[in-house]
Undergrad: 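Questions regarding the structure given below will be posed in turn.
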Amino acid sequence: MNPNHDLPNHFELLGTDGAARTGRLTTPHGVVRTPAFMPVGTAGAMKGMHWREVRDAGADIVLGNTYHLMLRPSAERIAALGGLQKFTGWNGPMLTDSGGFQVMSLSDLRKVTENAVTFRSHIDGAKVELSPERSIEVQRLLGSDIAMQMDECVRLPAERADIERAMQLSLRWAERSKRAFESAPDGYMLFGIVQGGDIPQLRHESAQGLVAIGFHGYAIGGLAVGEPQAVMLAMIDETAPLLPKQRPRYLMGVGTPDDILEAVKRGIDMFDCVMPTRNGRHGVAFTRFGQVNLRNARHADDPRPLDEESSWPSARNCARAYLHHLVKAGETLGAMLLSEINIAYYQFLMQGIRDAIAQGRFDEFYQRTRADWARGDI
Ligand code: GUN
């Protein structure tokens with residue numbers, strides 16, 4: 001029997017166009033339209049933005065991180081204060097990453113054993129242990145609508161033996177995560193994470209193993225970790241067809257607008273990335289005509305806005321010369337404006353993608369969007 005049939009499905013596929021899909025994912029805190037881009041609010045805050053702007057920009061769901069929140073202010077404290085939605089005031093759907101990936105990228109002195117990851121906190125150096133069971137417990141305490149299994153992600157390039165060991169460990173952790181999640185109330189979801197690096201056979205084994213365990217949705221992890229885009233896309237092509245059609249698919253930590261467009265074309269429904277807010281803080285805007293670096297002196301006397309046709313007020317109204325000045329002067333407002341402009345552009349892209357798939361014109365949308373990016377900012 002297919003274990004996926006035992007689990008309630010909260011995802012409704014509304015339309016497809018080639019391999020691209022559009023749908024609705026219903027969570028305890030609201031509906032997510034897919035394909036969806038989830039802005040990253042790592043430590044319970046969207047850097048440089050009010051939640052109301054995140055919502056107004058069109059985001060249905062945001063991402064938080066187990067690793068950061070368990071260290072500060074602690075999952076138990078957030079639970080006592082009513083959960084992450086109430087604590088932050090976001091009050092909408094929230095997905096939390098499991099912690100394994102952040103331990104790898106942020107903490108010192110980590111040790112991975114069969115049972116758990118042990119690491120030193122990047123905040124105060126305290127020794128902390130994170131097991132698959134504790135990761136699920138933390139995510140349940142946070143009140144996350146979608147919890148992620150704990151996994152081990154390997155940076156590329158890597159040796160096959162290392163990729164295979166991490167993939168097999170992640171599969172065993174997937175089983176333990178699922179067991180730990182069994183007592184969660186109806187409506188809350190747990191996603192498994194496919195690993196396997198850049199090796200098709202390992203990707204197949206991982207996807208098949210996860211589908212045999214059965215999850216509410218499936219993520220593809222271990223990508224955008226140092227490999228060329230062509231390798232990432234090839235791994236999506238190897239993996240997506242093995243995942244159940246009726247379940248949501250999430251490509252973790254991706255990416256540029258171009259990565260997203262290419263992944264949607266290959267059947268991905270959900271994305272997250274720090275890029276729009278991080279690049280915004282560094283003076284870079286994402287627009288219909290590609291990325292614009294506002295630090296560049298060519299903007300110093302330019303009265304034009306970034307995009308006079310944008311539906312987002314600051315992209316339509318603020319002079320490039322003003323954004324350039326704010327960025328050069330190190331004003332907080334520069335980072336704030338560029339963060340909201342970028343999140344609004346990503347959401348504009350996702351809305352365009354959803355409409356195009358629903359109307360059976362994804363190919364045309366894909367070609368036109370790429371032509372606009374290629375035209376560049378003139
Ligand atoms: N974020 C980006 N990539 C990954 C991954 O492979 N695993 C997890 N847990 N989070 C990620």
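Atoms within a ligand are numbered from 1 in the order they appear, just like the ligands themselves.
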Undergrad: Considering heavy atoms of the protein only, find what lies nearest to atom 7 (N) of ligand 1 and give residue, atom and distance to 0.1 Å.
TA: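 Answer, as residue, atom name and distance: Asp151 OD2, 2.6 Å.
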
Undergrad: Identify, by atom number and element, the atoms of ligand 1 in contact range of Gly222, meaning under 4.0 Å from any of its heavy atoms.
TA: 5 (C), 6 (O)

Undergrad: Just distances here: any N/O of Gln102 and N/O of ligand 1 closer than 3.5 Å?
TA: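 No, since none of the N or O atoms of Gln102 sits under 3.5 Å from an N or O of ligand 1.
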
Undergrad: Give the atoms of ligand 1, by number and element, whose distance to some non-hydrogen atom of Asp97 is under 4.0 Å.
TA: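 Result: 1 (N), 8 (C), 9 (N), 10 (N), 11 (C).
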
Undergrad: When you look at Arg21 and Asp269, which way does the salt bridge (Lys or Arg N to Asp or Glu O under 4.0 Å) test go after all the steps?
TA: CA-CA 7 Å; Arg21 304 134 55 88; Asp269 307 306; 2.9 Å; yes

Undergrad: Same cluster for Met70 and Leu106 if Ile/Leu/Val/Met/Phe/Trp/Tyr side chains link at under 4.5 Å?
TA: yes

Undergrad: When only distance counts, is Gly221 in polar contact with ligand 1, meaning an N/O pair under 3.5 Å?
TA: no

Undergrad: Just jot down the salt bridge (Lys or Arg N to Asp or Glu O under 4.0 Å) partners of Glu308, sequence neighbours excluded, or say none.
TA: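 So Glu308 forms no salt bridge (Lys or Arg N to Asp or Glu O under 4.0 Å) with any residue.
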
Undergrad: Does at least one non-hydrogen atom of Gln195 fall below 4.0 angstrom from an atom of ligand 1?
TA: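 It does; at least one heavy atom falls under 4.0 Å.
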
Undergrad: Would you say Arg288 and Glu309 make side-chain contact, with heavy atoms under 4.5 Å?
TA: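 Sidechains of Glu309 and Arg288: in contact.
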
Undergrad: Show which atoms of ligand 1 fall inside a sub-4.0 Å distance from at least one heavy-atom site of Ser98.
TA: 9 (N)

Undergrad: Check the angle between the aromatic planes of Tyr345 and Phe348 and answer parallel, tilted or perpendicular using the 30° and 60° thresholds.
TA: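 Aromatic pair Tyr345/Phe348 classed tilted.
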
Undergrad: Ring-plane angle category for His122 and Tyr67, please: parallel below 30°, perpendicular beyond 60°, tilted otherwise.
TA: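 If you compare the ring of His122 with that of Tyr67, the planes turn out parallel.
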
Undergrad: Does Val225 approach ligand 1 within less than 4.0 angstrom via side chain, backbone, both or neither, non-hydrogen atoms only?
TA: neither

Undergrad: Do the numbers put Arg247 on top of the ring of Phe11, so that NZ or CZ is under 6.0 Å from the six-membered ring centre and no more than 45° off the axis?
TA: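 Not satisfied by the 6.0 Å and 45° rule.
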
Undergrad: Could you find the nearest protein heavy atom to atom 4 (C) of ligand 1 and give me its residue, atom name and distance?
TA: Phe101 CD1, 3.5 Å

Undergrad: Just to be sure I read this right, does ligand 1 sit under 4.0 Å from the backbone of Ala224, its side chain, both, or neither, counting only heavy atoms?
TA: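 Answer for Ala224: neither.
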
Undergrad: Hey, would you say the Phe37 and Phe271 ring centroids sit under 6.0 Å apart?
TA: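 No.
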
Undergrad: At a 4.0 Å cut-off, with the gap strictly under it, does some heavy atom of Gly100 reach an atom of ligand 1?
TA: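 The answer is no: ligand 1 sits nowhere under 4.0 Å from a heavy atom of Gly100.
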
Undergrad: Can you list the atoms of ligand 1 that are under 4.0 Å from a heavy atom of Ile193?
TA: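 Going through ligand 1 atom by atom, the ones under 4.0 Å from Ile193 are 9 (N).
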
